[in-house]
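Down below is the structure, laid out as C-alpha cells.
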Amino acid sequence: MMARNTVETNTAPVSDVFGKSGPLRLETPFHPRIAALMHTHAWYDWSGYLSAHSLWDEELEYFAIRSQAALFDLSPMVKYRIEGPDAEAFCDRLTLRDVTRLKPLRVQYTAWCDDAGEVIDDGTLFRLSETRFRLCCQERHLPWLLDGAIGFDVAIEEETEAIAGLALQGPTSFAVLQAAGFGEIGSLKPFGIAEFAHEGGRVTISRTGFTGDLGYELFVDAGDALSLWDRLWEAGRLHGLNAIGFGALDRARIEAGFLIANVDFVTVDAALRADRARMPDEIGLGWLVDMKKERFNGRRAIEAARAKGANRHVLVGLEIEGNVPAEHAIVYHRKKREAGIVTAAIWSPMLKRNIAIASLQRPYGDTVTDDLWVEIYALHELRYVKLMKRARIVERPFLKLDRRRATPPGGF
Amino acid sequence: MKKWDAVVIGSGHNGLVNACYLQRAGLDVLVVEKNEWIGGAAVSRELTDGFLYSNCSYVCSLFRPEIMRDLELPRHGLQVIPYEGGAVFTQDGDHLGAHRDHHAHRRAFARFSKRDAEAYERYARDVTRQCRFIQPLLMRTAPDPARLRPRDVSELLYLGRKFAGLSAEEMALTMRFWTMSISDFLDEYFESDVVKSYLAISGIIGTALGPMSPGTAYVLLHHYMGEVDGSVGAWGFARGGMGAVTQALAKSFRESGGTIRTEAEVDRVLVDTQGAKGVVLAGGEEIRADRVVSNADVKRTFLKLVERSDLPDPFVRDVERFKMRGSSGKLNIALDSMPEFPALPPNSPCVRGDMHFTDSIERMERGYDDWKAGRWSADPILDMVIPTTLDPTMAPPGKHFMSCFVQYCPPKVEGRDWTSADRDAFADTVISQIADYSPGFRERIVHMEVRTPRELEDEVGLTEGNIFQGELTFDQLLFNRPVPGYAQYRSPIGGLYICGSSTHPGGGVMGAPGRNAAAEILRDAKRPNKQMSPAHEVL
Ligand SMILES: Cc1cc2nc3c(=O)[nH]c(=O)nc-3n(C[C@H](O)[C@H](O)[C@H](O)COP(=O)(O)OP(=O)(O)OC[C@H]3O[C@@H](n4cnc5c(N)ncnc54)[C@H](O)[C@@H]3O)c2cc1C
C-alpha cells in the first residue's frame, strides 16, 4: 500500500501569508495606472515592489526616452527625510560633497562612505528647505544614518512608502509639464527644485534624472499619486508620453554613464568578500570628494589612500569595436593579461557605438591605457563565437545632449 | 585659380558620404549641388508652416551603422527611431495587423490563415538566411570578372567560397530568390491573399515590375538587409525626417574642413587627354580638381555631363541600356489631426507603422498593368506612414505629417509629358483610396506636396524618376552595376568616378556606394584610409 500524505491546504488569500507585513511584493502608489498599461506582464522585483521591467516593448520604450517623453515609476527608490536645525551639518558630515554650498531647492548627486572610506551607496540629496533634506538611494541605511546623527539636532525618517516618485524624461518632457500646468518650471536649471500645488497638496519637481536627457522627477504624497499620474497622462496625450519600465531606463543610464550600486560596484554593506568594497576614487566618484571639508565620514581613509596611491581600481568608460555588446566580458591588456571586468554594456542606439562601463585593476585604466581588449562570447545557436575586440577608454557620459541643459528647455 | 583635390557632383547622401571620407583622409573636397538645398532624395523641407516633410525617402534601415559611427553622425544630430506595427486594410472593413511582438504577429496572421501564421517562421528564417548571405557584400567593391587582377580574383574567390559554403538546399533557395517573382516565391509559403499582398509590397516598391514579374523576390530582399540597431530587417524614422541624414553628413563634412556649394549645377565635366580635370557650372564657371566624383545617376553622369566623344561607344550603349524606369510617386500630406481608421481597434499600434490598402496580389498586378499602359494605377498600392506618431519634431503637437509612397506612376502619361492637371488627378486617386478607409480624411488635409516621376527627375535629378538610380534587378547588380566592366566606381575617363545609387550595392539610403567609392578613390590616390572602420561582421 502506498502511503498517503495528507497535506492541509492553506485557503487564505496568497497575499495574506505574511500577515501584517503585507504581500510578498508591494504595489506602488501608481500601480493601478501601470497595471492598466501593462501588456507584457514583465514585472520584476525592485526592493520588494512590483515594478515594470517593460510594459510594451523595451526597445520602443527606450526610444520614448530619446524621442518623446517617458514616465517611469521610481517610488521603490529608498527615501529618507532628514530634518532639523542640524540637518545641513549632518548631511555635510555624512556625504562626500560640500552640503553647505547646496542651496535650498537644489539637488546634489552624491555618495557616502564608511570610516574606511568605502562606499556605502550613491544617491541624490534634495535640499527642500534650509532645514529639510531628502536623501534618495538604492540601498537601505537607517541604522547608519541614525547612529551618525547622534549629537546632531536632526530627525531622520524613512519615507519610502509615504512618498511616491515619478521620472518624466525625454525631449518633450518640458512640453508635457507645460501642458499639465507646471509651465513655470521652464526657468528651472538642471538640479533645481520647484514646488507646485496639486490637489490640495504639493508636488515637488526637480530637474533631475537618470537618462542624460532633458527630464524631471516628481514627488508627491502617496495619496496624491494617482491624480498626479492622471494629470501628466492627460497632458502628455499630444506629446507622445509613454509609460516605461526599467529595461528602457537601464539602456539610457548606460549611455549617460550613470552607475547603479551593486551592479557597477559592490557596496560595502553588501560585500561578503571584503576586497570587493570600493573607495570613491575606484569607481569614478573621486570628483565628489570635497577635501576642503574638514570632516566627513571616510575622509581620513580616502586622504591616506590618495597619499599612498593605494587605490587598486579604476572605473572607466570603454568604446569597443564592432556591434556585439560586451556584457560582463573580461578586459585584457595585450589580449593576454586580465585587466578587469565590464559591469554594463550596450550597443548605443544614440551613438551607434558599442559602449561599456568597466572596472579595471590599476595600472590598467590609470597609467596603462592602450592595447586594451575585451573577450566577448557571443552565443549563437549553440555555438560560441569568441571575439577579441579592441577597447578604447573614452569619457563618460558617453552621450551628451544639449537639450539636457538648455534653459528654458525646448518643446522637443 | 584654386584647384581642389576632388569635386563631388551632387549632395545626395552618397555624395556626402563619399566627400566625408575623402575629406577625412586629407583631401580638399568641394561638393557642388544644383538645388538650393542639399540632400538629394534624403531631404526634409518645410513647405508649409510648422510641418517638415521627408520629401522623398521616408524610412531608414539600410543606412550602414559603420558609416554613422565613422562620420560621427549621431553627434551631428542623426537619430533613427525604429517603428512598430503596420497594417493592410482589407476591402471588407477588416485589417491584417503587423507587430514587432512575435506572437502578436503570428496571431494577427492567424486571423487570415492559421497555416500562414505558422508558415511565417520558415519564411522569416529563409529571408534572414539570404540577408546574412548578402549583407557582407554590401561594403565591398564587387570583383570585375572581365579584368581579373589579383584583387578581382580574390574577391571572386570570396564570392565563390561563400556560395560553395551553402548547402544544396540553400543554393537552390538563393537562386530562387535571385530569379523568381515575389508572387511565386510567396506562394511557396503562404495561402492567404492578404498575407501575401502585405509581404509582396517590399518586392515592388520603386520597381517597374509587377508582383508577378521575375526578379521581384530580390527587390524584397533589398528591403530586408538593413537593420535598426542590430534588428535585421527593421525599419525606422530618422528623427527630423530623412533630411536629418544628409544634414548630419553635411555638418560632419564641414567640421572636417569640407566645402559645399548649393545652386551650383554642373553643366559638364572637364576632360582632357589625361582624364577629368574639373567641372563647368551652368553659368560657365570652371572648377578645377584632380578628380571628379559624380553622385548623379549613371545616365545623367555619362549621357548629360560628359561628351559622348570622350567615351568608348560600347560603354555609352551599355549606359543607355541601363534600366531606369520611373514607377513611383509620392504624396506628402500635412494633417490637422490624427486620421481615424475604423478598421483598427482604438489605440492600435498599427498606425505607427507602414499601412497599405491593397489586399491581394491580383490587385497589385492590375495596378502594374496600368503602368505598362502608361497610366498611373487607378487602384494604387500605397506605402503610408505617419512619422509624427514617434517624432515630435516634424509637426506641431496633435498635428501630423503623413508620407504616402505610391506605386505605380509612369514617367510619361500615355507617352506624353505630365501636366499639372495629370498630377492633381493622380493625387486625387490616392486621396480617394485613403478616404475610403479613413472617414473625414480629406477635411484633415492642410497642405500637400505631390510628386510624380516628373518632379523627381526635375528636382532630384533622378532620370525618369527612378528612385533607386536604376532598377534593382539581378542583371543590374554586383559586377553588372551600373554596367559590366565599370562596377568599381571608376569610368572610362581617368579621374572620373561615380558614387551614387547607380553603383553597387544599389539604391536606398544606405551610404555603401559612397563609402565603397571613397575606398577606391583613396586606393588610386595612394592615400591611407584609416578613417574607414571595417564592416561589422555577420555572426
Ligand atoms: C520618392 C522616393 C522615396 C524613397 N523612399 C525611400 C525610403 O523610404 N528609404 C530608402 O532607404 N530609400 C528610399 N528611396 C531611395 C533613396 O532615397 C535613394 O536611392 C537615395 O537617396 C539616392 O541617394 P544618392 O546619394 O545615391 O543620390 P541622389 O539622392 O539622387 O543625389 C544626387 C544628387 O545630385 C544632384 N545633382 C544631379 N545632377 C546634378 C548636376 N548636374 N549638378 C549638381 N548636382 C546635381 C541632385 O540634385 C542630388 O542632390 C526613395 C527615393 C525616392 C525618390
Side-chain angles (χ1 to χ4, degrees), chain A residues 37 39-40 54 56-60 62-69 170-173 175-176 178-179 235-242 251 255 319 321-325 346-354 376 378-381 383-387 389-390 398-402 410-412, chain B residues 63-75 77-85 99-104 125 132 227-232 234 236-240 248 337-338 347 349 352-353 387-400 533-539:
Chain A
L37 296 166
H39 291 270
T40 57
S54 88
W56 173 250
D57 180 314
E58 184 178 314
E59 191 177 353
L60 301 178
Y62 160 83
F63 279 98
I65 303 174
R66 294 298 185 219
S67 181
Q68 297 174 310
T172 65
S173 54
V176 173
Q178 219 173 7
R237 253 181 352 101
L238 298 185
H239 299 281
L241 183 61
N242 288 264
R251 298 184 188 200
E255 289 182 321
E319 188 190 324
E321 60 174 359
N323 59 354
V324 186
I346 52 162
W347 165 259
S348 160
M350 285 296 280
L351 298 162
K352 304 293 171 204
R353 284 165 198 264
N354 204 14
I376 304 169
L379 182 61
H380 289 292
E381 301 180 336
R383 185 180 294 172
Y384 276 114
V385 185
K386 276 191 276 177
L387 304 167
K389 292 288 181 190
R390 191 178 279 284
F398 303 97
L399 176 70
K400 287 197 197 106
L401 293 166
D402 292 339
F412 49 75
Chain B
F63 198 48
R64 300 306 311 160
E66 298 91 335
I67 300 176
M68 300 191 211
R69 171 196 159 131
D70 286 350
L71 305 180
E72 302 173 275
L73 302 187
R75 183 163 66 79
L78 177 61
Q79 190 184 332
V80 182
I81 309 155
Y83 61 75
E84 61 182 317
H99 302 285
R100 272 167 60 97
D101 181 85
H102 188 86
H103 298 290
R125 181 202 69 182
R132 291 169 52 78
E227 63 175 278
V228 178
D229 299 317
S231 320
V232 174
F237 299 124
R239 196 166 188 264
S337 54
M338 185 67 189
N347 296 321
R352 298 195 282 269
T388 40
T389 53
L390 294 174
D391 179 354
T393 71
M394 300 185 79
K399 317 228 181 266
H400 290 279
S533 61
H536 293 157
E537 60 249 271
V538 177
L539 296 179

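Labels below follow one simple rule: chain letters A, B, ... track the order of the sequence lines, proteins then strands, and each chain is numbered from 1.
- Every residue two or more places apart in sequence or in another chain that forms a side chain to side chain donor-acceptor pair (under 3.5 Å) with A:R237 is listed here: A:E234.
- The side-chain heavy atoms of A:S67 and B:F237, taken from C-beta on, include no pair separated by under 4.5 Å.
- You'll find the side chain of B:P397 reaches within 4.5 Å of the side chain of A:H239, heavy atoms only.
- A side-chain donor-acceptor contact under 3.5 Å links A:Q68 to the backbone of B:T389.
- Proximity to chain B (any heavy atom under 4.5 Å) is shown, for A:E381, by neither the backbone nor the side chain.
- To the nearest 0.5 Å, the span separating CG on A:L351 from CD on B:E72 amounts to 10.5 Å.
- Interface remark: A:F63 contributes side-chain atoms only to the contact with chain B (heavy atom separation under 4.5 Å).
- Two residues are said to be in side-chain contact when any heavy atoms from C-beta on lie closer than 4.5 Å; A:E321 and B:S533 fail this criterion.
- Contact annotation for B:R352: only side-chain heavy atoms (C-beta onward) come within less than 4.5 Å of a heavy atom of chain A.
- For A:R383, the CZ atom sits in a loose shell: 12 or fewer heavy atoms of surrounding residues, nucleotides or ligands are nearer than 6.0 Å.
- The OH atom of A:Y62 lies 10.0 Å from the CD1 atom of B:I81; values are rounded to the nearest 0.5 Å.
- Of the atoms belonging to A:L387, it is side-chain heavy atoms, and not backbone ones, that fall under 4.5 Å from chain B.
- Counting heavy atoms from C-beta outward, B:S231 and A:E59 have side chains that approach closer than 4.5 Å.
- One finds the CG atom of A:L37 at 9.5 Å from the CG atom of B:N347 (value rounded to the nearest 0.5 Å).
- Every residue two or more places apart in sequence or in another chain that forms a salt bridge (charged side-chain N to carboxylate O under 4.0 Å, His left out) with B:R64 is listed here: B:E66, B:E227.
- Here the closest heavy-atom approach between residue B:D229 and residue A:P349 is recorded as OD2-CB, 3.2 Å.
- Annotation: the span from B:L390 atom CG to A:L60 atom CG amounts to 7.5 Å, rounded to 0.5 Å.
- B:R100 contributes no side-chain N or O that, together with a main-chain N or O of A:D57, makes up a donor-acceptor pair within less than 3.5 Å.
- Rounding to the nearest 0.5 angstrom, the gap separating the NE2 atom in B:H536 from the CH2 atom in A:W347 is 4.5 Å.
- A side-chain donor-acceptor contact under 3.5 Å links B:Q79 to the backbone of A:R66.
- The contact between A:T172 and chain B is made entirely by side chain atoms (from C-beta outward), counting heavy-atom distances below 4.5 Å.
- Of all heavy-atom pairs between A:K352 and B:P65, the closest is CB-O, 4.4 Å.
- Minimum heavy-atom separation, B:R239 to A:F412: NH2-O, 3.1 Å.
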